[in-house]
Undergrad: 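Next up is a structure, given as structure tokens.
These values consider heavy atoms only, across backbone and side chains, with no hydrogens, waters or symmetry-generated copies.
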Amino acid sequence: MLRQQDVGHRIVVRRIVGIREGRPQFSDALGELVELSETHLTLATAQGQLRVPVAQVHRAKRVPPTRRPTAASVVALERAADEAWPAPTRGRLGDWLLRSAEGWTGRANSALPIGDPDRPLAAAVDAVERWYADLGQPALINTPLPLAAPVGAELDARGWSARPPTLVQTAPLAVLTSTPANGQAGGWGDANVELDTAPSDEWLAIAAGRKGGLPDAARHVLTAVDRVRFAHVYADSALVAVGRGTVTGQGRWLGLSLIEVLPAARRQGLARRVIHELATWGASGGATHAFLQVEQRNTAAVTLYQRLGLVTHHTYLTRVAPD
């Protein structure tokens, strides 16, 4: 049976659609799992969304994607994502990247093992451990899958643990800009989305609340990108929604991050509108595709992004060295 870890992945479901002559009649559905609850599961299929009561599910399992991304496309996207979330302290092991930002977020405080580390794999992992030990930080390595599977096998042998999977999702900007931007009529649904080149103090406060503080290194991560916009949505002079967009990867990729709506303003379409405005800005500057990174267990966000047309390009695991 399916688990929450399967949200965001391609699955096949055999469901009971009726009884004939005392025997159950089955129908199969193939699509991406966008929601899983105790009572229902929802698939995004080629014919649209399909909501299936769990009581009708005879069998369900994850299946391979229609095609795996090429190694070159994973490398290019991971490089663009690194440019969009730049750690202030950096090092290199051949092609591998070493990153530190005072412990603020896993992405900015982990090694990225893509390319040739210019030494045997075991020696490369040893060097990663020493680099972070010299900084007084735990050693983390982000392993894009399946590209970094050999690195993952080495870390398994060393007893490294893994944080929950993260989905790297993408969509053509034409899909996101064609999505209607209007929220619900009245209330916060009519609030304007303002794009600024710098975050307001209120914007930073929301980011700090979400990420557990905001050290100086965090401000570098957020602002040290040449092409960046910070989305602000105000209602009655109060900031109720934020978002961040960057253009990196030689101008191709719009990176979406920190899409956040305060609890009192949710279910008004504000996240959708923030994404639409950032996508419009990115497209106006020549970007053609968007990407974002979302934890697989964040089913509410995964569901929203899939409804907007984002699909999983690849996943990564943040691996943590043993104490």
Undergrad: If I take atom CG from residue L43 and atom CG from residue L30, how far apart are they, to the nearest 0.5 angstrom?
TA: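 The distance works out to 8.0 Å.
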Undergrad: Please lay out, stage by stage, how Y316 and L145 fare under the test side chain to side chain contact (heavy atoms under 4.5 Å, CB included).
TA: CA-CA 6 Å; Y316 71 77; L145 299 174; 5.8 Å; no
Undergrad: Measuring only between side-chain heavy atoms, which start at C-beta, is V274 closer than 4.5 Å to V242?
TA: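 Side chain of V274 against side chain of V242, heavy atoms only: no contact under 4.5 Å found.
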Undergrad: Could you tell me which non-hydrogen atom of A84 sits nearest to which non-hydrogen atom of F291, and how far apart they are?
TA: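 Minimum heavy-atom separation between A84 and F291: CB-CZ, 4.1 Å.
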Undergrad: May I ask you to test the L239-H232 pair for a side-chain heavy-atom distance under 4.5 Å?
TA: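 The answer is yes; the side chains approach within 4.5 Å.
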Undergrad: For the atom pair CG (L33) and CZ (R10), what is the distance rounded to the nearest 0.5 Å?
TA: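 It comes to 13.0 Å.
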Undergrad: Quick check: closest heavy atoms across N109 and A101, and the distance to 0.1 Å?
TA: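 The answer is OD1-N, 2.7 Å.
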Undergrad: Set out, in order, the CA-CA distance, both residues' side-chain angles and the distance that settles side chain to side chain contact (heavy atoms under 4.5 Å, CB included) for Y234 and N192, then state yes or no.
TA: CA-CA 7 Å; Y234 291 94; N192 292 325; over 6 Å; no
Undergrad: Can you name the closest pair of heavy atoms from G243 and I259 and give their distance?
TA: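 Taking G243 first and I259 second, the nearest heavy atoms are CA-CD1, 3.8 Å.
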Undergrad: Would one find more than 12 heavy atoms of other residues, nucleotides or ligands at under 6.0 Å from atom CD of E194?
TA: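 Count over threshold, so yes.
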Undergrad: I need the minimum non-hydrogen distance between I114 and P144, along with the two atoms involved.
TA: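 Shortest heavy-atom contact: CG2-CG, 4.1 Å.
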Undergrad: Is the closest side-chain donor-acceptor distance between S110 and R99 under 3.5 Å?
TA: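 Checked: S110/R99 side chains pair up, N/O donor to acceptor below 3.5 Å.
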Undergrad: Hey, are the side chains of L147 and V74 touching, using non-hydrogen atoms and a 4.5 Å cut-off?
TA: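 Contact flag for L147/V74 side chains = yes.
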Undergrad: Under the salt bridge (Lys or Arg N to Asp or Glu O under 4.0 Å) rule, what do E154 and R158 come out as? Steps first, then yes or no, please.
TA: CA-CA 7 Å; E154 173 69 19; R158 293 173 179 241; 2.7 Å; yes
Undergrad: Charged N to carboxylate O under 4.0 angstrom, R79 versus E83?
TA: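 No, this pair does not count.
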Undergrad: Considering only heavy atoms from C-beta outward, does the side chain of R244 approach that of R229 to under 4.5 Å?
TA: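 No, every pair of side-chain atoms sits at 4.5 Å or beyond.
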Undergrad: Check E102 with R219, please: is the shortest side-chain N to carboxylate O separation under 4.0 Å?
TA: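 No, this pair does not count.
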Undergrad: Taking atom CG of D226 as the centre, report whether more than 12 heavy atoms of other residues, nucleotides or ligands fall under 6.0 Å from it.
TA: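 No - once you tally the heavy atoms of other residues, nucleotides and ligands closer than 6.0 Å, there are 12 at most.
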Undergrad: Determine whether L93 and R119 make a side-chain contact, defined as any pair of heavy atoms from C-beta on separated by less than 4.5 Å.
TA: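 The answer is yes, as the side chains (C-beta and beyond) meet within the 4.5 Å cut-off.
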Undergrad: According to a 4.5 Å side-chain heavy-atom criterion applied to Ile, Leu, Val, Met, Phe, Trp and Tyr, with indirect links allowed, do V302 and Y305 form part of one hydrophobic cluster?
TA: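 They do share one cluster, since a chain of ILVMFWY contacts under 4.5 Å joins V302 to Y305.
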Undergrad: Just verifying a value: how many Å separate Q293 CD and H313 NE2, rounded to the nearest 0.5 Å?
TA: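 Going from the CD atom of Q293 to the NE2 atom of H313 covers 12.0 Å.
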Undergrad: Check whether L176 and L77 end up in the same hydrophobic cluster, where Ile, Leu, Val, Met, Phe, Trp and Tyr are linked by side-chain heavy atoms less than 4.5 Å apart.
TA: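 Result: no, two separate clusters.
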Undergrad: Answer with yes or no whether the hydrophobic clustering places V17 together with L50; edges join I, L, V, M, F, W, Y residues whose side-chain heavy atoms lie under 4.5 Å apart.
TA: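 Different hydrophobic clusters.
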Undergrad: R163 vs E295, test: side chain to side chain contact (heavy atoms under 4.5 Å, CB included). Steps then yes/no.
TA: CA-CA 10 Å; R163 292 179 179 173; E295 284 193 1; over 6 Å; no
Undergrad: Using modelled atom types only, decide if a donor and an acceptor are shared between the side chain of H314 and the backbone of P69 within a distance under 3.5 Å.
TA: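 No: the side chain of H314 does not pair with the backbone of P69.
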Undergrad: Working to the nearest 0.5 angstrom, can you tell me the gap between L304 CG and N298 CG?
TA: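 Separation between the atoms: 9.5 Å.
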Undergrad: Do T105 and W85 pair up side chain to side chain, a donor and an acceptor below 3.5 Å, judged on atom types alone?
TA: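 Side chains of T105 and W85: pair found under 3.5 Å.
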Undergrad: Any chance you could measure L270, atom CG, to R272, atom CZ, to the nearest 0.5 Å?
TA: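 These two atoms lie 11.0 Å from each other.
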Undergrad: Give me the atom names and distance for the closest heavy-atom approach of W203 to A231.
TA: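 Heavy-atom minimum between the residues: NE1-O, 3.1 Å.
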Undergrad: Measure centre to centre between the rings of F26 and H58, then say whether the value is under 6.0 Å.
TA: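 Distance test on ring centres: under 6.0 Å, yes.
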Undergrad: Any donor and acceptor pair, going by atom type alone, linking the side chain of H40 with main-chain N or O of V52 inside 3.5 Å?
TA: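 Side chain of H40 to backbone of V52, a donor-acceptor pair under 3.5 Å: no, none is there.
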Undergrad: Closer than 3.5 angstrom, by distance alone: can the side chain of Y132 be matched with the main-chain N or O of A111 as a donor-acceptor pair?
TA: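 It does hold such a pair.
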Undergrad: Is there a side chain to side chain contact (heavy atoms under 4.5 Å, CB included) between L173 and L254 once you walk through the steps?
TA: CA-CA 8 Å; L173 279 185; L254 170 73; 3.7 Å; yes
Undergrad: Tell me if the CZ atom of R59 is crowded by more than 12 foreign heavy atoms within 6.0 Å.
TA: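 For R59, atom CZ is not crowded (no more than 12 foreign heavy atoms under 6.0 Å).
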Undergrad: For the residue pair W104 and P215, what are the closest heavy atoms and their distance?
TA: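 Shortest heavy-atom contact: CD1-CD, 3.5 Å.
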Undergrad: Checking T312 against Q169: is there a side-chain donor and acceptor pair closer than 3.5 Å?
TA: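 The answer is yes; a qualifying pair exists.
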Undergrad: Using side-chain heavy atoms (C-beta onward) and a distance below 4.5 Å, is T223 in contact with V228?
TA: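 No, too far: nothing below the 4.5 Å cut-off.
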Undergrad: Hey, does T303 have a side-chain heavy atom less than 4.5 Å from the side chain of T42?
TA: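 Side-chain contact under 4.5 Å: no.
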Undergrad: To the nearest 0.5 Å, what is the distance between CG on L195 and CH2 on W281?
TA: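 Output value for this atom pair is 8.0 Å.
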Undergrad: Please tell me whether L140 and V168 are part of a single hydrophobic cluster in this structure, the criterion being side-chain heavy atoms less than 4.5 Å apart.
TA: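 The answer is no; the residues belong to distinct hydrophobic clusters.
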Undergrad: How about W96 and D118: do any of their side-chain heavy atoms sit closer than 4.5 Å?
TA: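 SC-SC contact between W96 and D118 ruled out.
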Undergrad: Could you tell me whether R23 and E21 make a salt bridge, using a distance below 4.0 angstrom between a side-chain N and a carboxylate O?
TA: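 Not counted as a salt bridge, because no side-chain N and carboxylate O are separated by less than 4.0 Å.
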Undergrad: Hey, any chance W160 and L317 share a hydrophobic cluster, counting ILVMFWY side chains that come within less than 4.5 Å of each other, even indirectly?
TA: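 Per the 4.5 Å side-chain linkage, W160 and L317 are not co-clustered.
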Undergrad: Could you verify whether a donor N or O on one side chain and an acceptor N or O on the other, from R319 and T143, lie under 3.5 Å apart?
TA: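 Side chains of R319 and T143: no pair found under 3.5 Å.
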